[in-house]
Amino acid sequence: MEIGIAGAAGRMGGLLVAAVQADAALRLVGGTLRPGSTATPPQGVALFPEIAALAAASDVVIDFTTAAAAVSHAAALAQAGTAWVLGTSGLSADAEAEVERAAAQIAVVYAANFAPGVTVLLALAETLAAALPAEAYDAEIVEMHHRQKVDAPSGTAVALGRAVAAGRGVALEDVRQSGRDGHTGARAAGAIGFAALRGGQVVGEHTLLFAGASEHVALSHRAFDRGVFAAGAVRAARWTAGRPPGLYTMRDVLGLE
Ligand code: NAD
């Protein structure tokens, strides 16, 4: 398979390049940088002037860049008929609608977190949320990331919130309580709360807590090495081979129900 890496000079971009180069079944076609960027891509990466050229030369493009690029990337990949493994977080509802539109024409694997452990955790979150009544168990999601992260709460935290909402049969946007500050009043029954910590070089930590009056149940995940996301994304890229158009998640890639 011929693989392109969007944002090849980024933190994830560099790890993705290394993961593709280490896989004998894959060929690294090259990558793109942010337009106007003077960053140096990792050694051995052919640079393409823009996403359309990279898409035309690749079977799959792996994209961990920035939310602002998602709409133009969706159009370019759909136009080229190239599969898309999308890990960028912080997409607006409009940008996510464009991802869905592209998925009518190409295979898209879009995941807030490509770690296998988080993929399983999301399924567990939905099961727990369906089993523990929302009135009795308050769902709170706490995450911590490195100081460079630009969006909050993290894509993974939002995915956990969506999993809880799905288990409870509600829409996350109707019950989301994010970033409490000041005189907020008492906690609303059924709310799904989010708190985001930023500091140091934390790769990613998430805890989903169901707080009942007499007991707490918590699911936690810690990533120590971004390589876990790169390995998951490369696995997803391989999985797209011969896949019909559609919007897929890591749950599909791992074959989880
Ligand atoms: P980063 O800032 O180190 O890298 C992003 C790179 O994309 C930068 O080099 C930037 O110059 C480049 N870029 C920006 N616009 C571009 C464009 N239009 N075309 C090509 N390149 C462009 O950030 P990072 O830590 O590598 O994370 C990147 C994204 O991936 C973030 O949204 C982050 O939240 C997300 N992420 C997702 C997962 C996951 O498993 N889904 C894991 C880690 C990070």
Side-chain angles (χ1 to χ4, degrees), residues 4-19 29-42 45-55 58 61-77 84-92 95-96 98-99 108-122 143-160 162 196 198 200-206 221-237 247-254:
I5 308 288
R11 272 182 295 270
M12 283 302 301
L15 291 169
L16 288 161
V17 164
V29 168
T32 57
L33 303 180
R34 177 176 49 77
S37 168
T38 54
T40 314
V45 179
L47 276 190
F48 284 72
E50 32 87 39
I51 188 76
L54 180 66
S58 308
V61 166
I62 308 180
D63 178 0
F64 285 62
T65 56
T66 177
V71 171
S72 62
H73 285 190
L77 289 156
W84 188 18
V85 173
L86 175 62
T88 306
S89 64
L91 270 62
S92 65
E96 286 196 331
E98 292 304 315
V99 175
V108 180
V109 182
Y110 176 38
N113 194 307
F114 280 87
V118 166
T119 309
V120 175
L121 207 76
L122 290 169
E143 55 105 336
M144 182 163 187
H145 282 85
H146 52 92
R147 61 169 76 104
Q148 295 90 349
K149 185 162 177 62
V150 294
D151 53 311
S154 70
T156 303
V158 174
L160 280 165
R162 283 182 177 158
R198 293 288 174 267
Q201 291 305 330
V202 175
V203 170
E205 298 184 1
H206 295 87
H221 182 269
R222 272 186 192 177
F224 298 110
D225 180 346
R226 283 184 185 81
V228 72
F229 309 128
V234 168
R235 181 169 175 175
L247 186 55
Y248 303 102
T249 70
M250 267 313 266
R251 264 161 104 154
D252 300 309
V253 174
L254 298 186

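Because only heavy atoms are used, hydrogens play no part in the values below, and waters and symmetry mates are left out as well, while side chains stay in. In listed order, ligands and their atoms are each counted from 1.
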Write none if no such pair exists; otherwise list each N/O atom of ligand 1 with its protein N/O partner under 3.5 Å and the distance.
{"from": "ligand 1", "atom 1": "3 (O)", "to": "Arg11", "atom 2": "N", "distance (Å)": "2.8"}
{"from": "ligand 1", "atom 1": "9 (O)", "to": "Gly10", "atom 2": "N", "distance (Å)": "3.4"}
{"from": "ligand 1", "atom 1": "21 (N)", "to": "Arg34", "atom 2": "N", "distance (Å)": "3.2"}
{"from": "ligand 1", "atom 1": "25 (O)", "to": "Arg11", "atom 2": "NE", "distance (Å)": "3.0"}
{"from": "ligand 1", "atom 1": "25 (O)", "to": "Arg11", "atom 2": "NH2", "distance (Å)": "3.4"}
{"from": "ligand 1", "atom 1": "26 (O)", "to": "Arg11", "atom 2": "N", "distance (Å)": "3.4"}
{"from": "ligand 1", "atom 1": "26 (O)", "to": "Met12", "atom 2": "N", "distance (Å)": "2.8"}
{"from": "ligand 1", "atom 1": "32 (O)", "to": "Ser89", "atom 2": "N", "distance (Å)": "3.0"}
{"from": "ligand 1", "atom 1": "32 (O)", "to": "Ser89", "atom 2": "OG", "distance (Å)": "3.2"}
{"from": "ligand 1", "atom 1": "34 (O)", "to": "Ser89", "atom 2": "OG", "distance (Å)": "2.6"}
{"from": "ligand 1", "atom 1": "34 (O)", "to": "Lys149", "atom 2": "NZ", "distance (Å)": "3.1"}
{"from": "ligand 1", "atom 1": "40 (O)", "to": "Phe114", "atom 2": "N", "distance (Å)": "2.9"}
{"from": "ligand 1", "atom 1": "41 (N)", "to": "Gly87", "atom 2": "O", "distance (Å)": "3.1"}
{"from": "ligand 1", "atom 1": "41 (N)", "to": "Ala111", "atom 2": "O", "distance (Å)": "3.1"}
{"from": "ligand 1", "atom 1": "41 (N)", "to": "Ala112", "atom 2": "O", "distance (Å)": "2.9"}

Nearest heavy-atom approach of Thr65 to Thr88 is N-OG1, 2.9 Å
Inset, instruction - List the steps and the verdict of salt bridge (charged side-chain N to carboxylate O under 4.0 Å, His left out) for Glu96 and Arg162. - result: CA-CA 14 Å; Glu96 286 196 331; Arg162 283 182 177 158; 3.2 Å; yes
Between the CZ atom in Arg198 and the CE atom in Met144, the distance rounded to the nearest 0.5 Å is 8.5 Å
What orientation do Phe114 and Phe64 show, parallel under 30°, tilted 30 to 60°, or perpendicular over 60°?
tilted
So does Ala111 get a backbone contact from the side chain of Thr249, meaning a donor-acceptor N/O pair under 3.5 Å? no
Contacts of Ser154 meeting side chain to side chain donor-acceptor pair (under 3.5 Å) (sequence neighbours excluded), chain-then-number -> His206
